[in-house]
Colleague: 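Dropping a structure here in C-alpha cells format, bear with me for questions.
Any value given below was found using the heavy atoms of this structure, including those in side chains, with hydrogens, waters and symmetry copies removed. Whatever order the structure lists ligands and atoms in, that order sets their numbers, starting from 1.
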Amino acid sequence: MEVPLLDLKAQFETIRQEVLAAIEAVIETHQYCNGPPVRELERLLAEYCGCAAAVGVSSGTDALLCSLMALGVGAGDEVITTPYTFFATAGAVWRVGARPVFVDVEPDTLNIDPSKIEPAVTGKTKAIIPVHLFGQMAEMDPIMAVANRHGLPVIEDAAQAIGATYKGRQAGCIGTVGCLSFYPSKNLGAMGDAGVIVTQDPKLAEKIAVLRVHGESQRYFHEYVGGNFRMDSIQAAALIVKLRYLDGWSAKRRAHAARYDELLADLEAVRTPVTREHNGSNFYQYVIRAPRRDELKAFLARQGVGTAIYYPLSLHQQACFESLGYQKGDFPHSERAAAETLALPVYPELTDEQIVYVAGKIKQFMS
Ligand SMILES: *Cc1c(COP(=O)(O)O)cnc(C)c1O
C-alpha cells in the first residue's frame with residue numbers, strides 16, 4: 001500500500017470545477033495583483049478568525065516580515081521566539097536587522113515555554129513571537145501576561161494554525177497580530193504562495209496595507225520603505241473556494257489523529273502528540289516521538305509510507321545563526337525533539353485502511 005505524506009491531487013479532484021471557474025473569472029478581469037478577490041478573502045478571513053481586520057500578503061514569511069516592519073522592529077532590537085519552528089520565524093527577525101533571542105520549548109507540546117520568556121526580556125526586547133506548532137496553539141494567557149507587563153507586542157506565528165483554538169479563541173486574534181500561511185501544504189493551501197496578517201487593531205492594519213505596496217499611501221508617494229508583499233488575485237479566488245471546506249477538512253484531520261492515538265496507544269516506545277485540554281488543534285501535522293527515529297523513517301519509506309521530520313535541526317544550531325553565539329545543549333528540549341520527532345500522514349482524504357496500515361507498520365518496526 002502507498003500512503004504519501006500529503007496528497008494535494010486527491011483534495012483538488014473534489015473541488016476541481018469550482019476552483020478552475022474562480023481562477024478563470026480572475027483571468028477574465030486581468031486584475032492579477034491585490035485585486036477584488038483579495039478584498040473579499042480579507043473580509044472572510046477577518047470574520048473566520050474573529051479579528052477586526054485582515055491584510056492579504058504574498059506568503060506567511062512576508063506576513064512575519066511585514067508585521068515586524070509595521071511594529072518598528074529593526075537594527076539593534078531583540079525578539080524572543082522559539083528555536084523549534086520553521087526557519088521563517090527567526091529568519092524574518094534577522095532580515096529586519098534584529099536579533100532572534102531563543103528560549104526553549106515545553107517538552108511535551110513543543111511550543112514555546114512561557115515561563116522562560118520573562119527571564120529573557122531585556123531593555124532591547126521589542127516583540128515576542130510564539131509559534132502555534134503543528135496546529136496547536138501556544139499558551140497564550142501567560143505569554144500575553146508577560147507581554148503586557150513589559151509593554152511588548154506579540155506576533156502570533158499562526159502559519160500552521162488556522163482554525164486552531166485556545167480556550168475557545170481562534171489562532172491569530174489574541175496577540176497584536178497573527179501571521180497565517182497558505183503555502184499549499186497548510187490546512188488552507190493556495191495554488192502557490194500566499195499569506196495573511198490578522199489583527200484587532202484597524203490602525204495597524206492600515207499601516208500593514210501601506211507597507212504591502214512599498215509603503216505608498218498614495219500612488220508613487222512613499223510614507224515608509226515597505227516591500228512587494230501583494231497577494232495574487234488568483235490565489236485569493238482559489239482560497240475563497242477552499243475556505244468553505246476548511247472546517248470539514250480539519251475535522252477529518254482531528255478524526256485521523258484520534259484514530260492514530262488509539263492504534264498506537266499500546267506502543268510504549270512511541271509517544272503520540274500531547275494536546276492541552278483547553279486547546280483545539282487543527283492537526284496540521286500529527287507528530288510522534290520515537291527512538292531510532294531515522295531507522296523508523298527509512299523502514300516506513302520501504303513500506304510505501306511517506307513521513308517527514310519537522311524539524312531536524314533546532315534553529316539555534318543553524319549555520320547562518322552561528323554569530324548569535326548559541327551552543328549545542330542550550331535548548332535541550334528543542335534539540336531532543338529534533339532527534340525524535342516524525343510526522344505521519346494525516347491529510348483529510350486519508351482512508352481508515354491507510355491509517356491502520358501506517359500504525360501496523362510502526363508496530364512491526366518496534367517489535
Ligand atoms: C509555513 C510556515 C511559515 C512560512 O510560511 P510561507 O507561506 O511558506 O512563507 C512560517 N512559520 C511557520 C511556523 C510555518 O510553518
Side-chain angles (χ1 to χ4, degrees), residues 5-6 8 38 41 45 54-69 79-96 100 102 105 109-112 127-138 140 143 154-164 171-172 175 177-198 208 212 227-232 234-236 238-239 242 250 253 273 281-287 308-316 318 320-321 334 337-338 341 343 346-347:
L5 179 65
L6 182 65
L8 292 178
V38 178
L41 179 67
L45 287 171
V55 183
V57 293
S58 31
S59 69
T61 300
D62 286 343
L64 290 163
L65 185 61
C66 191
S67 296
L68 287 161
M69 291 169 95
V79 176
I80 298 172
T81 192
T82 160
Y84 198 66
T85 174
F86 177 59
F87 179 76
T89 316
V93 172
W94 182 281
R95 285 173 66 193
V96 296
F102 298 117
V105 294
T109 66
L110 304 181
N111 275 323
I112 192 167
I128 303 168
I129 311 184
V131 179
H132 307 319
L133 200 68
F134 306 145
Q136 171 169 216
M137 287 180 68
M140 290 307 290
I143 292 169
V154 172
I155 300 171
E156 288 179 57
D157 183 340
Q160 305 184 354
I162 190 165
V177 297
C179 298
L180 279 67
S181 164
F182 305 123
Y183 184 72
S185 70
K186 302 284 159 82
N187 283 32
L188 179 62
M191 328 295 282
D193 281 306
V196 75
I197 301 167
V198 290
I208 290 166
R212 168 175 62 184
N228 171 4
F229 303 134
R230 292 182 301 251
M231 184 191 283
D232 288 345
I234 284 175
Q235 300 306 341
L239 288 165
K242 295 182 88 176
S250 293
R253 286 173 182 271
S281 175
N282 71 13
F283 280 100
Y284 167 59
Q285 298 294 350
Y286 183 89
V287 175
I309 298 168
Y310 304 117
Y311 298 91
L313 187 64
S314 183
L315 293 188
H316 69 286
Q318 298 289 343
C320 65
F321 290 147
S334 178
T341 51
V346 73
Y347 62 90

Colleague: Please give the N or O to N or O pairs under 3.5 Å between ligand 1 and the protein, distances rounded to 0.1 Å.
Modeller:
unit_1, atom_1, unit_2, atom_2, d
ligand 1, 5 (O), S181, OG, 3.3
ligand 1, 7 (O), G60, N, 2.8
ligand 1, 7 (O), S181, OG, 2.7
ligand 1, 9 (O), G60, N, 3.4
ligand 1, 9 (O), T61, N, 2.8
ligand 1, 9 (O), T61, OG1, 2.5
ligand 1, 11 (N), D157, OD1, 3.3
ligand 1, 11 (N), D157, OD2, 2.8
ligand 1, 15 (O), Q160, NE2, 2.8
ligand 1, 15 (O), K186, NZ, 3.1

Colleague: As a quick check of understanding, evaluate ring-ring contact (aromatic ring centres under 6.0 Å, His included) for F321 and F87, giving each step before the final call.
Modeller: CA-CA 11 Å; F321 290 147; F87 179 76; 5.5 Å; yes
Colleague: Y311 vs F134 aromatic rings, parallel, tilted or perpendicular, using cut-offs 30° and 60°?
Modeller: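 Because their plane-to-plane angle is under 30°, the rings of Y311 and F134 count as parallel.
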Colleague: Donor-acceptor pair, Q136 side chain versus F283 backbone, under 3.5 Å?
Modeller: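 Such a contact is absent between Q136 side chain and F283 backbone.
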Colleague: Looking only at the aromatic ring of each residue, does the gap between the centers of Y347 and Y286 stay below 6.0 angstrom?
Modeller: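 That pair fails the under 6.0 Å test.
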Colleague: Rounded to the nearest 0.5 Å, what separation is found between the CG atom of N187 and the CG atom of N282?
Modeller: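 Nearest 0.5 Å value for the CG-CG distance: 4.0 Å.
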Colleague: Can you tell me how far the OH atom of Y284 sits from the CG atom of L133, to the nearest 0.5 Å?
Modeller: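 So the gap between those two atoms works out to 10.0 Å.
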